[in-house]
Undergrad: 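Structure below; questions to follow.
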Amino acid sequence: MTALAVAGLSLRLGAFVLDDVSLTLPANDVMVVLGPNGAGKSVLLETIAGFHRPARGRIAINGRDVTTLPAEKRRVGFVVQNFGLFPHLSVAQNVALGARAPRRAEADSARIDIAALLRRFGIADLADASPLVLSPGEKQRAALARAEASHPDLFLLDEPFAALDALARGQLRFELARFLRVLRLPALFVTHDYVDVAALGGHLALMHAGRIIQHGAVDDVFRRPVSRTAADILGFENQLAGRVEGHDGRQVRVVVQGNVLRIATESAAPAAREVYVAIRAENVRLVRPDAAPTNAADNRLVGTVVALEPLGALAKVTLDCGFRLVACLMSRDVAGLGLAPGAAVAAAIAASDAHLVVP
Amino acid sequence: MIAVPRTWRGPESVGSPLVVLAAWLCGGVLLTFILLPLIQLFAVQTTGTLLQVARETDVRDALALSVTAAVMTALVAGLFGVPFAYLLARAEFIGKSAVAAVVDVPLTVPHTVAGIALLMVFGRHGVIGGPAENFLGLRFWGTLAGIVVAMLFVSLPYTVNAARIAFEGVDPRLEMVARTLGMGPWRVLARITVPLAWRGIATGLTLTFARSISEFGAVVILVYYPMTAPVQIYEMFLRYGVEEASAAAALLLVISLALFILFRHVAYGRRPVAGGGR
């Protein structure tokens, strides 16, 4: 069964648009919609939840067409930035509001339900607390318990972590992924942070300017960005312009500024075609220029260090190899390799870490 | 020592003793300016004169009328102003800023001017006053209805503006979440939006009440009789002089302040007002 089927959804809302958006989410699966701010991600979620009337298109949740239903009849659990707990009600009252929804007319034993639910989410001792005093983690649990109390068919999560610091974000991301698995509920999670994707995603859709520009299994999308915009959204720091020279078996040879790069790919690209090679900075391994190659199959480039940018535990190094190449490595390796502006260094890139973008 | 603040928001250097002292001197002048006349008003009274004036039927009727009319005005302002404030807070439409400016117009219209303008509309031959009297038997000239109309004109911006700011402070996403939990739009208003905006709404109603009970200019022109307390006090002042009038004035002040404090207390619950500076 399909948890969510969005077909040809179009809408204009002030500066935001949805342009022929189609998505399918299988039951008990999680889809992350990744895109920059202003791409229309929140509008998409709010339209699925029932707050904007689409100009065209259909929305079906669990096989039920909800396109014209008001929000209160769509059976979605909506989790918003900062979790949207009602500050004038206690945690238990917040959850009870979900349980007492009209659609749950049979929930006479709401009080018992709520106590059990709070225990399940590990917030039983916070039942009488005000949401204002909760930690972000407790807020997330309360928001999920409240949504769960209303027995939704689908969770919609609109950047719930966006306002949090990096440490809390990491913990909450992990916990959310666990809860979604335990609850066995399909979820659509919207974010502009590609770090969220690995923790949560089974499926990934990339959104740009109101359109879904690519979607599929997370690994597939990360391995095969369909355009430079997709590569930008996925956080590929290196997108090198080149020209296809030829194929050897399952590898494509691309010439980038006189250097031949071998790229593992299943899709063929015609010779002489102008393409881009997308490489994540963390997949550019830096070695001493005189070191013997550890893997003969790796692409090897020689260059000089142009800039060093320390990022705490990590450091970003920009090389000049005839073109700019950005590498990201552990800070402790910077000194070990003797990296400094002007220093010569070699870069090794596995053929499987370089991706072909055919515009 | 009073000049030492318990906390200082901002750089310590800006909170140097001289700056704080200078600010307290300015504040002291203002506080004296506010409190001295009010204290003086009570200082000249004796219990005897207050009781005597309180026993006068004219004065008692006028005070009761003022309180009744001001409460009714606040209710009418709430009835029309709160839904309108919600619209102004949530809806975007062409000419919204002009509409919002119209709401503020009464704040800038001199109250005698307001009274005359209202008289031309609600008077015996006015566009509303005429038909209302002919078809509904409702007169505004010389009636409680007229007093409420005059008070409403000068005091409704307080309710609309305070409620609008309160509604704007309610995150629309909370309303969205409530809807997805299965609540219809009216239930969301009743259970989420209005409770969250309640303090602001109540503050607006209290300000409308306070402004209404103190209104003189518009009321005296549109209605005159029956006399509200300010009109009664003015008449006593003209007829008997400042000493006679001051006893009634002190009485009105006590009642206004007592009700103002009571309403604020109700609006804010039993908890003290956060950051109230006390």
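To find a chain, count down the sequence lines: A is the first, B the second, and so on, and within it residues start at 1. Predicted model only: the values in this text are computed from it and were never measured. Heavy-atom basis, side chains included; hydrogens, waters and symmetry copies ignored.
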Undergrad: What's the separation between atom CZ in A:F51 and atom CD in B:E175, rounded to the nearest 0.5 Å?
TA: 9.5 Å
Undergrad: Please classify the contact of A:A147 with chain B as side chain, backbone, both or neither, using a heavy-atom distance under 4.5 Å.
TA: backbone
Undergrad: Check A:P87 against B:L196 and note the closest heavy-atom contact, atom names and distance.
TA: CG-CD2, 3.5 Å
Undergrad: CZ of B:R191 to CG of A:L97: how many Å apart, nearest 0.5 Å?
TA: 5.0 Å
Undergrad: Nearest 0.5 Å please: distance from the OG atom of A:S42 over to the CE atom of B:M176.
TA: 9.0 Å
Undergrad: When you compare the side chain of B:T180 with that of A:R75, does any pair of heavy atoms fall below 4.5 Å?
TA: no
Undergrad: Working to the nearest 0.5 angstrom, can you tell me the gap between B:R199 CZ and A:H88 NE2?
TA: 13.0 Å
Undergrad: Less than 4.5 Å to any heavy atom of chain B: does that hold for the side chain of A:L85, its backbone, both, or neither?
TA: backbone
Undergrad: If you count every heavy atom of other residues, nucleotides or ligands that lies below 6.0 Å from B:F33 atom CZ, does the total exceed 12?
TA: no
Undergrad: Does atom CZ (B:F216) have a neighbourhood of more than 12 heavy atoms from anything else shown, all under 6.0 Å?
TA: yes
Undergrad: Answer yes or no: does atom CD1 of B:I39 have more than 12 heavy-atom neighbours from other residues, nucleotides or ligands under 6.0 Å?
TA: yes
Undergrad: To the nearest 0.5 Å, tell me how far B:R179 CZ sits from A:E72 CD.
TA: 4.0 Å
Undergrad: Tell me whether the count of non-hydrogen atoms from other residues, nucleotides or ligands lying under 6.0 Å of CZ in A:R56 goes above 12.
TA: no
Undergrad: Please indicate whether A:R12 has more than 12 foreign heavy atoms, meaning atoms of other residues, nucleotides or ligands, lying under 6.0 Å from its CZ.
TA: no
Undergrad: Would you mind telling me which of B:V188, B:I192, B:D171, B:V170 has the largest number of heavy-atom pairs within less than 4.5 Å of chain A?
TA: B:I192
Undergrad: For the residue pair B:V177 and A:F78, what are the closest heavy atoms and their distance?
TA: CG2-O, 3.9 Å
Undergrad: Please determine, among A:V79, A:D158, A:N82, A:V80, the option with the most heavy-atom pairs under 4.5 Å with chain B.
TA: A:V80
Undergrad: Out of curiosity, A:F86 CZ to B:T193 OG1, how far, rounded to the nearest 0.5 Å?
TA: 9.0 Å
